[in-house]
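Comments concern the structure below.
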There are 2 protein chains.
Amino acid sequence: MLATNLLFEQFDRDLRRRASMPTTYYEVLVRLSEAPGRRLRMSDLADRSQSSRSRLSHTVTRLERTGWVRRETCPTDLRGAFAVLTDAGFDALVAAAPIHVESVRTHLFDQLDRHQLEELRSVSERILEHLITIQDRPPSESDLLGDLTGRHPISDTAT
Amino acid sequence: MLATNLLFEQFDRDLRRRASMPTTYYEVLVRLSEAPGRRLRMSDLADRSQSSRSRLSHTVTRLERTGWVRRETCPTDLRGAFAVLTDAGFDALVAAAPIHVESVRTHLFDQLDRHQLEELRSVSERILEHLITIQDRPPSESDLLGDLTGRHPISDTAT
DNA sequence: AAGTTTTAGTTGAAATGTCAACTAGAGGGC
DNA sequence: GCCCTCTAGTTGACATTTCAACTAAAACTT
């Protein structure tokens with residue numbers, strides 16, 4: 001947990017310092033850039049960018065103020081809204097992407113050998129698969145109530 | 001990044017739902033409980049609990065309001081302050097710890113085999129070592145300016 | 001078609017985190 | 001002692017996130 005926290009902070013620091021863009025913005029811009037027409041429905045974008053709907057709504061409001069994203073109403077569903085990547089937003093992303101890519105390379109990929117990378121991938125996939133499984137079927141009480149008799153001092157898993 | 005994000009969110013959800021305690025509080029209480037006299041200087045506590053001094057100061061103010069921590073002035077350094085874990089704070093931690101431990105076991109350790117755990121440990125140590133190294137010696141420009149010629153589509157490292 | 005329930009998305013308030021400025025005491029040099 | 005600088009910690013303003021309440025449209029039910 002310590003390692004991943006510091007790693008994420010490093011990624012964010014690099015992106016802020018060298019591209020003046022927080023990771024939250026970057027994530028949103030990337031998702032939009034990948035989508036056909038560089039546009040996505042708000043909910044869809046929220047899911048893809050690891051964000052709650054509320055948070056995304058606020059974020060997009062800020063991104064509109066910077067001019068990187070604009071909202072458009074959806075013609076087929078009058079409740080709906082599209083977030084659309086502007087040209088300025090695309091330019092900002094093009095400038096930021098190599099910085100982030102290099103940051104990830106420097107601090108993560110270059111530090112690990114081929115075998116470690118393969119294992120990291122397999123670990124991540126395993127955890128992801130597990131989490132998605134339990135999200136589909138919300139956990140019963142018994143899933144988390146194990147026998148704890150004398151097994152752990154308080155600090156065992158804190159870092 | 002997706003896996004670790006979801007994993008942390010799951011830990012936090014479990015702790016909030018079943019122990020009414022956010023991970024930030026838990027982290028602080030654990031560090032204090034480990035310290036001799038269940039007390040630490042603010043700066044020391046900030047370092048150990050992955051927090052900025054400012055953030056810790058605010059957090060401790062909130063923890064004082066819940067009655068889990070109290071501040072004490074330092075006799076040998078009049079600028080200094082101790083954060084001290086109260087009995088109520090210790091009780092809250094004793095209640096929360098097994099929940100968190102079980103959460104970590106369920107969502108992380110139980111999902112991986114012996115070999116994956118060993119590799120995950122080695123990966124974490126490697127990354128940690130790297131990050132500590134570059135923190136000691138702040139990065140020169142050239143550390144991050146690599147040759148990017150045509151290597152990465154934008155989305156390569158986004159998740 | 002009317003009534004009910006979902007779904008999409010926004011909003012404002014409260015909680016939390018960040019940042020820069022600040023107070024005050026410690027420590028060193030002369 | 002006096003001056004300068006550094007360290008410990010707090011504070012308040014501001015940015016962001018969370019949470020619950022809300023609007024409005026879609027979708028279903030009968």
Side-chain angles (χ1 to χ4, degrees), chain A residues 5-6 8-17 20-29 31-32 35 39-66 68-84, chain B residues 5-6 8-17 20-29 31-32 35 39-66 68-84:
Chain A
N5 268 342
L6 290 181
F8 289 0
E9 281 171 21
Q10 186 66 45
F11 291 157
D12 193 54
R13 236 189 329 270
D14 287 346
L15 208 48
R16 281 175 192 273
R17 275 221 274 260
S20 308
M21 187 188 293
T23 305
T24 37
Y25 287 13
Y26 182 78
E27 183 74 22
V28 168
L29 299 188
R31 297 307 160 210
L32 286 177
R39 71 182 53 224
L40 283 172
R41 289 289 292 273
M42 291 296 285
S43 298
D44 199 354
L45 180 55
D47 292 342
R48 298 189 198 206
S49 57
Q50 293 284 291
S51 170
S52 71
R53 277 130 206 259
S54 171
R55 177 160 128 199
L56 179 70
S57 199
H58 288 298
T59 304
V60 165
T61 302
R62 284 168 222 138
L63 282 170
E64 275 190 304
R65 281 203 281 270
T66 75
W68 289 346
V69 170
R70 70 170 183 280
R71 280 183 167 91
E72 274 182 26
T73 57
C74 175
T76 64
D77 184 342
L78 293 189
R79 296 167 302 178
F82 282 103
V84 186
Chain B
N5 267 340
L6 291 181
F8 289 0
E9 279 171 23
Q10 186 66 47
F11 291 158
D12 194 54
R13 237 189 328 270
D14 287 346
L15 209 48
R16 281 178 191 272
R17 276 220 273 258
S20 308
M21 187 188 294
T23 305
T24 37
Y25 287 14
Y26 183 78
E27 182 74 22
V28 168
L29 299 189
R31 296 308 162 212
L32 286 177
R39 72 182 52 224
L40 283 172
R41 290 288 293 271
M42 292 297 285
S43 298
D44 200 353
L45 181 55
D47 292 343
R48 298 188 197 206
S49 55
Q50 294 282 291
S51 171
S52 71
R53 280 130 205 263
S54 170
R55 177 160 129 198
L56 179 69
S57 201
H58 288 299
T59 305
V60 166
T61 301
R62 284 167 217 142
L63 282 169
E64 276 189 303
R65 281 203 281 268
T66 73
W68 289 346
V69 171
R70 70 169 182 279
R71 280 181 167 91
E72 274 181 27
T73 58
C74 175
T76 65
D77 185 340
L78 294 188
R79 295 168 302 179
F82 282 104
V84 187

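Remember, predicted model here, so these are calculated numbers, not experimental data. Below, chain A is the first sequence line, B the second, and so on; all start at residue 1.
Applying the salt bridge (Lys or Arg N to Asp or Glu O under 4.0 Å) test to A/Glu72 and every residue at least two apart in sequence or in another chain returns A/Arg39, A/Arg70. Every residue was checked against the salt bridge (Lys or Arg N to Asp or Glu O under 4.0 Å) condition with A/Arg13, not counting sequence neighbours, and none meets it. Looking at residues two or more places apart in sequence or on another chain, you find no side chain to side chain contact (heavy atoms under 4.5 Å, CB included) involving B/Ser20.
A donor-acceptor pair under 3.5 Å links the side-chain atoms of A/Thr61 to the main chain of A/Ser57, judged by distance alone. The backbone N or O of A/Ala46 sits nowhere less than 3.5 Å from a side-chain atom of A/Ser51 that would complete a donor-acceptor pair. Side chain of B/Arg31 to backbone of B/Arg48: a donor-acceptor contact under 3.5 angstrom is found. Proximity of a side-chain donor or acceptor of B/Glu64 to a complementary backbone N or O of B/Arg71 within less than 3.5 Å is detected.
For residues 70-80 of chain A, proximity to DNA chain D is found at A/Asp77, A/Leu78, A/Arg79, defined as any non-hydrogen atom under 4.0 angstrom from a strand atom.
Residues A/Gln10 and A/Leu6 fail the side-chain proximity criterion, which asks for heavy atoms closer than 4.5 Å.
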What string of B, S and - do you get for nucleotides 12-17 of chain C 5' to 3' if you count protein non-hydrogen atoms under 4.0 Å?
B---BB
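The minimum heavy-atom distance between B/Leu29 and B/Trp68, with the atom names listed, is CD1-CE3, 3.9 Å.
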Determine, step by step, whether A/Asp77 and A/Arg41 satisfy the salt bridge (charged side-chain N to carboxylate O under 4.0 Å, His left out) criterion, reporting the C-alpha distance in whole Å, the side-chain angles of both residues, the deciding distance to 0.1 Å, and the verdict.
CA-CA 10 Å; A/Asp77 184 342; A/Arg41 289 289 292 273; 3.6 Å; yes
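Atom CZ of B/Arg53 and atom P of C/dA20 are 16 Å apart (whole Å). The CZ-C1' distance, from A/Arg41 to C/dG9, rounds to 9 Å in whole Å.
Protein chain A contacts DNA chain D from D/dT16 to D/dA26, reading 5' to 3' and using non-hydrogen atoms of the protein with a distance under 4.0 Å.
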